[in-house]
Amino acid sequence: MFLEGVGTTLSITLASILLGTLLGFLVFLLCCNGGRVTNAISGFCMWLLQGMPMVVLLLILYYVVFGKVYVSGIVVSTIGFILTFGTSVFGMLKMGVGAVDDGQREAARAMGYSDRQTFFKIILPQAIPHVVPAFKGAVVDLIKATSIVGYIAVQDLTKMGDIVRSRTYEAFFPLIAVTIIYFLLEGIINFLAGYVARGVDPKRRSRNHILKGVKTDD
């Protein structure tokens, strides 16, 4: 039962990290290139998701949005955490890009970079070091936050521990086991996030990779 709960928790967590990161990144690009209407709509959605308790969001999705159609609790939980993690990634990118000096953009344009090349080769690599610490913290918070999915009948790790406790009438060992497993999962996922962060570290890029596609012999 614990293994089954771990599998459910990991599936929700990993899907939320991957798709939430993609969602937050795409919304950030949309806001960078969009107009006032696009920014206003995305800003309102971000404000709504960030201000709503996660339990309430899951209950609304499960009983209201998908109340008349059959959607498993795992899928609903994943959608909810994708939305909230996406808002976190959006905020991190906004903070990280805002920390890069505007002179970097002007210098890149003077060297012949297009807007796309400027963002992906100059701005984003410098913003990533500012984003990584917050991203790793958000990943750890996410895996702990998944412990509430039992509210919509998802048998995750926490729910399985509760079932074992109710069957054995013993609270100490099931709860301690769940705690230890969460610590292990957090350590593993945090290590993987750190490994990915080192892979995108701008200091590891070669000069040829940075100047790829840019004319340097003018």
Using a 3.5 Å cut-off and no angle test, enumerate the donor-acceptor pairs between side-chain atoms of residues 4-30 and protein atoms at least two apart in sequence or in another chain.
from	atom 1	to	atom 2	distance (Å)
Thr8	OG1	Glu4	O	3.2
Thr9	OG1	Gly5	O	3.1
Thr9	OG1	Leu157	N	3.1
Ser11	OG	Gly7	O	3.3
Ser11	OG	Thr8	O	2.7
Thr13	OG1	Thr9	O	2.7
Ser16	OG	Ile12	O	2.6
Thr21	OG1	Ile17	O	2.6

Is Met95 linked to Ile123 within one hydrophobic cluster, defined over Ile, Leu, Val, Met, Phe, Trp and Tyr using a side-chain heavy-atom separation of less than 4.5 Å?
-> no
Roughly how far, to the nearest 0.5 Å, is CD1 of Ile148 from CG of Leu59?
-> 8.5 Å
Within-4.5 Å side-chain heavy-atom neighbours: Leu3 and Met160 = no
Partner set under ring pair (Phe, Tyr, Trp, His ring centres under 6.0 Å) for Tyr169, not counting sequence neighbours | none
Any chance you could measure Met54, atom CE, to Leu142, atom CG, to the nearest 0.5 Å?
-> 8.5 Å
Does anything in residues 159-185 pair up under salt bridge (charged side-chain N to carboxylate O under 4.0 Å, His left out), and if so which pairs, sequence neighbours excluded?
-> Asp162-Arg165
Identify whether Val164 and Phe172 are in the same connected component of the hydrophobic contact network (ILVMFWY, side-chain heavy atoms under 4.5 Å).
-> no
When you look at Met52 and Ile60, which way does the side-chain contact (heavy atoms from CB on, under 4.5 Å) test go after all the steps?
-> CA-CA 11 Å; Met52 187 182 302; Ile60 290 176; 4.1 Å; yes
Output the distance between atom CG (Asp156) and atom CD1 (Ile143), rounded to the nearest 0.5 Å.
-> 10.5 Å
Can you tell me how far CD of Gln117 sits from CZ of Arg109, rounded to the nearest 0.5 angstrom?
-> 12.5 Å
What is the distance from atom CG of Leu83 to atom CG of Leu58, rounded to the nearest 0.5 Å?
-> 10.0 Å
Can you name the side-chain hydrogen bond (donor to acceptor under 3.5 Å, both in side chains) partners of Glu106, sequence neighbours left out?
-> none
Please set out all donor-acceptor pairs under 3.5 angstrom arising from side-chain atoms of residues 65-81, sequence neighbours excluded.
from	atom 1	to	atom 2	distance (Å)
Ser72	OG	Val75	N	3.4
Ser77	OG	Gly73	O	2.7
Thr78	OG1	Ile74	O	2.8

Step by step, would you call Arg105 with Ile122 a side-chain contact (heavy atoms from CB on, under 4.5 Å)?
-> CA-CA 7 Å; Arg105 193 184 301 272; Ile122 303 298; over 6 Å; no
For residues 125-165, pull every pair meeting ring-ring contact (aromatic ring centres under 6.0 Å, His included), keeping only residues two or more places apart or in separate chains.
-> Phe85-Phe135
Is there a chain of hydrophobic side chains (I, L, V, M, F, W, Y, each step under 4.5 Å between heavy atoms) that links Ile163 to Phe173?
-> no
Establish whether Met46 and Val56 are linked, either directly or via other cluster members, by ILVMFWY side-chain heavy-atom contacts under 4.5 Å.
-> yes
Considering only distance and modelled atom types, tabulate donor-acceptor pairs under 3.5 Å from the side chains of residues 174-193, sequence neighbours left out.
from	atom 1	to	atom 2	distance (Å)
Thr179	OG1	Leu175	O	2.8
Tyr182	OH	Thr158	OG1	2.7

Rounded to the nearest 0.5 angstrom, the CZ-OG distance for Phe119 and Ser114 is 12.5 Å
Quick one: closest heavy-atom pair of Met92 and Val131, and the distance?
-> O-CG2, 3.4 Å
